[in-house]
There are 2 protein chains.
Amino acid sequence: MNYSRQRESIKQYLMSTKEHPTAEIIYQHVKEDYPKISLATVYRNLTLLVDSGEALKISTGDGTDHYDGNTTEHGHYYCKCCHKLIDLDIAPTTGQILAASSEVLGTIETASLMFTGVCKDCIINEEK
Amino acid sequence: MNYSRQRESIKQYLMSTKEHPTAEIIYQHVKEDYPKISLATVYRNLTLLVDSGEALKISTGDGTDHYDGNTTEHGHYYCKCCHKLIDLDIAPTTGQILAASSEVLGTIETASLMFTGVCKDCIINEEK
DNA sequence: AGAAAAATAATAATTATTACTATTTTTTAT
DNA sequence: ATAAAAAATAGTAATAATTATTATTTTTCT
């Protein structure tokens, strides 16, 4: 894998935000610095970053995948109302990881907790 | 929501299998009983079943969503090699759910653990 | 049984993602 | 520093999953 400024820019943006942007949103941002970048380049590099462990892909089932530059162990909360993804300081325990590993008799490369519900902001808006 | 035999057949099939079939695979199966069923009908009913809590949608990021008729709390393991989804008898602890709930100050409707790696069968095949 | 409401089949349309190819950028070796 | 080789890119076409549309059929209610 050779260096490329476009990939570097994608990575910088991913690490700078707490949002969990989609490929399209990443594309819009990186475009400010590289106006000629192609959406296909964004997708290709996101796949490279995920495969090399420099980013995470999060699939919520809302039609488009989200990406996360924070690769430390953490959980996610998905609001089914506003479709926001929120980081949580909650990770599977080593006990849970070991249990999973011995249950499937295979390797464990990633382990994560996912929660869904209606977030605080949406609850407040519903009341109005 | 009115009764429909097609939806009933989809539900039966989902509850009868431990695989985590995609809409397309469900379509192929239900077609044996209802040869004229439409793929759009499968999608529509899967959405209805998921929304009413009678099935789960699982997004692995492999391009197509998977469905699960087992709605009891359990975790999943996704083999990134053969793309199989395997049920695990591992669920988030109440402690983890409470922690998530107080961290986001929103409701928790679903909570699940997801693991990825290379499953036993794929490890054996790689050795050959 | 007959009217109203909901569901379906068939297909068109949409949207996210990947594939392709000629050109440009990056690396490597001189 | 420069030229060849390898990798990456932009632009666009193609693919594949999902959703929307509409005329017809099924289900429910009275």
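Chain A is the first sequence line, chain B the second, and so forth, proteins listed ahead of strands; every chain is numbered from 1.
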For [X] and [N], what is the distance between atoms [atom1] and [atom2] respectively, to the nearest whole Å?
| X | N | atom1 | atom2 | answer |
| --- | --- | --- | --- | --- |
| B:Gln6 | C:dA9 | CD | C1' | 9 Å |
| B:Asn2 | C:dA4 | CG | P | 16 Å |
| A:Tyr3 | C:dT27 | OH | C1' | 13 Å |

- C:dT8 OP1/OP2 closer than 4.0 Å to side-chain N/O of B:Asn45: yes
- Query: Would you say a side-chain N or O of B:Lys36 is under 4.0 Å from OP1 or OP2 of C:dA10?
  - Reply: yes
- Is there a side-chain contact between B:Ile58 and B:Met114 (heavy atoms, below 4.5 Å)?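 Yes; the side chains approach each other to less than 4.5 Å.
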- Between B:Ile10 and B:Val42, the two heavy atoms sitting closest are CD1-CA, 3.9 Å
- For residues A:Ile97 and A:Ala111, report the shortest heavy-atom separation together with the two atoms involved.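 Heavy atoms only, the tightest pair is CG1-CB, 3.9 Å.
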- What class does the angle between the rings of B:His20 and B:His76 fall in, given that below 30° is parallel, 30 to 60° is tilted and above 60° is perpendicular? perpendicular
- Item | Spatial distance of atom CD1 (A:Ile37) from atom OG (A:Ser9) [nearest 0.5 Å] | 6.5 Å
Base, sugar-phosphate, or nothing for [X], non-hydrogen atoms under 4.0 angstrom?
| X | value |
| --- | --- |
| A:Tyr43 | base |
| B:Glu24 | nothing |
| A:Arg7 | sugar-phosphate |

- Boundaries of the DNA chain D segment in contact with chain B, non-hydrogen, under 4.0 Å: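 For DNA chain D, the relevant span reads D:dA17 to D:dT28.
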- Message: Between B:Arg44 and A:Ser4, which residue's closest nucleotide on DNA chain D lies nearer the 5′ terminus?
- Response: A:Ser4
- Assign each of A:Ala40 and A:Leu48 to its nearest nucleotide of DNA chain D by heavy atoms, then name whichever residue's nucleotide is nearer the 5' end.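 Taking each residue's closest nucleotide, the earlier one in sequence belongs to A:Leu48.
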- Query: Would B:Tyr13 and B:Asp33 count as having a side-chain donor-acceptor pair, cut-off 3.5 Å?
  - Reply: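 No donor-acceptor contact under 3.5 Å links the two side chains.
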